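Model, not experiment: these values are computed from the prediction.
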Amino acid sequence: MNNSYWLNTAPPFTAPTVELPAHTEMVILGAGIMGCALAYWLARAGKTPLVLERNAHPAGGATGRNGGLHVAGPGGAPYHRWADRAAARAIMQLTLRNRELLEEILEREAIQANYKRVGFMHLAQAHEAAELKALAQALNEDGFAAHWLERAEAEKKLGTSLGERYLGAVLKPDDGQFHSARYAFGVAEAARNLGARLAFSTPAQAVEPGPGGRSWLIHTPRGQCVAEQVIIALNAWAGELFPELTQTIAPTRGHIILTAPVNFTLTPWEANDDWDYGRQLETGQILLGGRRNTQPDLDLGCAPAPGENAPPLEPSVVEALAQIAPQLFPALKDVPIVQAWSGAMAFTSDWQPLAGQWPGRAGLWVLAGFSGHGMPFSLVLPQAIAAQLTGTAGEAIPSAFAPERFLKA
Ligand SMILES: Cc1cc2nc3c(=O)[nH]c(=O)nc-3n(C[C@H](O)[C@H](O)[C@H](O)COP(=O)(O)OP(=O)(O)OC[C@H]3O[C@@H](n4cnc5c(N)ncnc54)[C@H](O)[C@@H]3O)c2cc1C
């Protein structure tokens with residue numbers, strides 16, 4: 001079975017699906033967190049966006065199968081390695097704004113997502129120590145919290161002993177974690193309560209220029225719908241509907257395993273040249289993800305089969321994750337692995353998402369390609385796109401996310 005903890009344990013999402021209108025102003029394709037959050041912001045602005053989702057509930061894709069980590073900062077190259085430091089700083093600030101929005105929206109909409117700021121640790125082997133110290137220094141220079149901890153201090157903060165190869169860690173004290181499906185379901189429910197229309201079990205089958213060339217015609221098994229604006233929030237599935245995006249956004253497999261509960265408290269972490277990561281669940285279980293580096297081509301291009309929510313589980317990666325668990329934390333030595341699942345990430349070649357209008361195609365927007373790092377953008381980018389769609393003031397979207405870098409008019 002390839003089921004995620006999050007989807008297994010979230011209260012069922014029970015909202016009824018809506019009828020398809022023949023014509024509407026805005027259609028969002030996909031009800032992952034990006035589609036749900038965009039619907040939320042549009043509905044808060046008085047719009048009634050229609051969301052088309054092929055599953056019977058939100059978050060069936062990457063959103064409901066991820067690590068549930070909210071780690072501030074740009075994806076891709078580490079912060080101190082960005083040639084354009086001002087761009088890295090702007091993205092960092094955007095993710096901190098996302099954290100503010102997250103805390104605000106969870107409270108305002110009474111979403112019980114077990115969110116907590118618990119900190120995040122970059123564990124260092126000897127060959128990584130200098131780089132990680134440089135990371136902390138660069139973050140500090142720009143006014144962001146991070147500090148180096150020697151091994152004993154790192155173990156104290158982490159909550160357990162480190163494997164012998166780790167000699168310290170950088171701690172970012174304000175990063176957080178949550179229950180991914182509870183979060184997405186809550187945002188979807190809030191969007192619905194505000195007037196967004198959620199059409200589940202309604203896959204978009206094709207999108208083509210509509211009558212007169214100034215709108216978009218969407219085909220679904222439940223009928224057709226013409227929309228003035230269409231927003232592609234399909235992440236790993238974007239290329240299925242828009243073949244031009246197959247060159248730009250590569251579906252990419254990620255794996256996660258879960259241990260039985262342990263009797264210590266573990267701070268979330270990343271390790272082994274950033275290939276592996278993990279955290280603890282509210283049940284006391286430890287979640288470990290990664291080991292993509294054991295796979296040919298890093299599992300880039302490994303997509304879900306048609307109609308599936310995740311690529312198939314690869315037993316050798318599950319085994320590799322099980323093997324590194326006690327190497328990271330010796331206390332995990334005899335703790336059984338009780339669950340494993342996979343999910344579909346969506347990588348671009350520069351590991352930055354596409355967020356904005358499709359150049360030269362009036363009314364078509366892209367919000368996809370999150371490259372395994374979508375949660376710290378999951379409210380702020382949808383809010384910025386909603387502002388552009390409604391012609392109101394909003395956060396500036398970094399030029400590093402401009403669709404123009406891949407899509408030509
Ligand atoms: C194993 C794993 C671990 C991860 N861990 C983290 C983490 O800890 N922190 C972090 O920041 N990020 C993490 N990520 C990445 C994060 O989950 C994504 O960046 C984020 O969920 C992207 O959200 P989305 O809404 O763009 O995509 P998705 O959640 O994938 O949503 C796309 C939606 O489109 C729907 N869809 C597909 N085709 C159609 C169609 N034809 N018509 C209608 N609907 C369709 C799908 O069913 C799906 O609901 C992880 C991802 C994976 C897979």
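In this structure, Glu164 places its CD atom where only 12 or fewer heavy-atom neighbours from other residues, nucleotides or ligands lie under 6.0 Å away. No more than 12 heavy-atom neighbours from other residues, nucleotides or ligands sit within 6.0 angstrom of CD on Glu19.
A side-chain donor from one of His80 and Glu131 sits under 3.5 Å from a side-chain acceptor of the other. A donor-acceptor contact under 3.5 angstrom links the side chains of Arg222 and Thr202, judged on distance only. Under 3.5 Å, the side chains of Tyr183 and Ser378 contain a donor-acceptor pair of N or O atoms. Looking at Tyr277 and Asn272, their side chains never bring a donor and an acceptor atom within 3.5 Å of each other. Side-chain atoms of Tyr5 and Gln285 form no donor-acceptor pair, as typed in the model, at a separation below 3.5 Å. When only modelled atom types and interatomic distance are considered, Arg292 and Thr252 share no side-chain donor-acceptor pair under 3.5 Å.
The shortest heavy-atom contact between Pro74 and Trp82 is CB-CZ2, 3.5 Å. Considering all non-hydrogen atoms of both residues, Thr63 and Ser180 come closest at O-CB, 3.2 Å.
From Leu158, atom CG reaches atom CG of Leu266 across 5.0 Å, with rounding to the nearest 0.5 Å. Interatomic distance, CG of Leu389 versus CH2 of Trp365, reported as 4.5 Å (0.5 Å rounding).
Using the six-membered ring where Trp is involved, Phe242 and Trp358 have ring planes that are tilted, between 30° and 60° apart. Classified by interplanar angle (parallel below 30°, tilted 30° to 60°, perpendicular above 60°), the ring pair Phe178/Tyr115 is tilted. The aromatic rings of Phe377 and Phe370 sit tilted relative to each other, their planes meeting at an angle between 30° and 60°.
Arg85 has a carboxylate O that lies under 4.0 Å from a charged side-chain N of Glu141, or vice versa, which qualifies the two as a salt bridge. Salt-bridge annotation for Glu244 and Arg361: present, with a side-chain N of the basic residue lying under 4.0 Å from a carboxylate O of the acidic one. Under 4.0 Å is where a charged nitrogen must lie from a carboxylate oxygen, and between Arg192 and Glu189 at least one such pair does. Classification of Glu155 and Arg151 as a salt-bridged pair holds, one side-chain N sitting under 4.0 Å from a carboxylate O.
With sequence neighbours left out, Trp269 forms a ring-ring contact (aromatic ring centres under 6.0 Å, His included) with Phe329. Partners of Trp351 according to the ring-ring contact (aromatic ring centres under 6.0 Å, His included) rule, which considers only residues two or more places apart in sequence or in another chain, are Phe347.
Side chain of Asn140 to main chain of Ala146: a donor-acceptor pair is present (N/O by atom type, distance under 3.5 Å, no hydrogens or angles).
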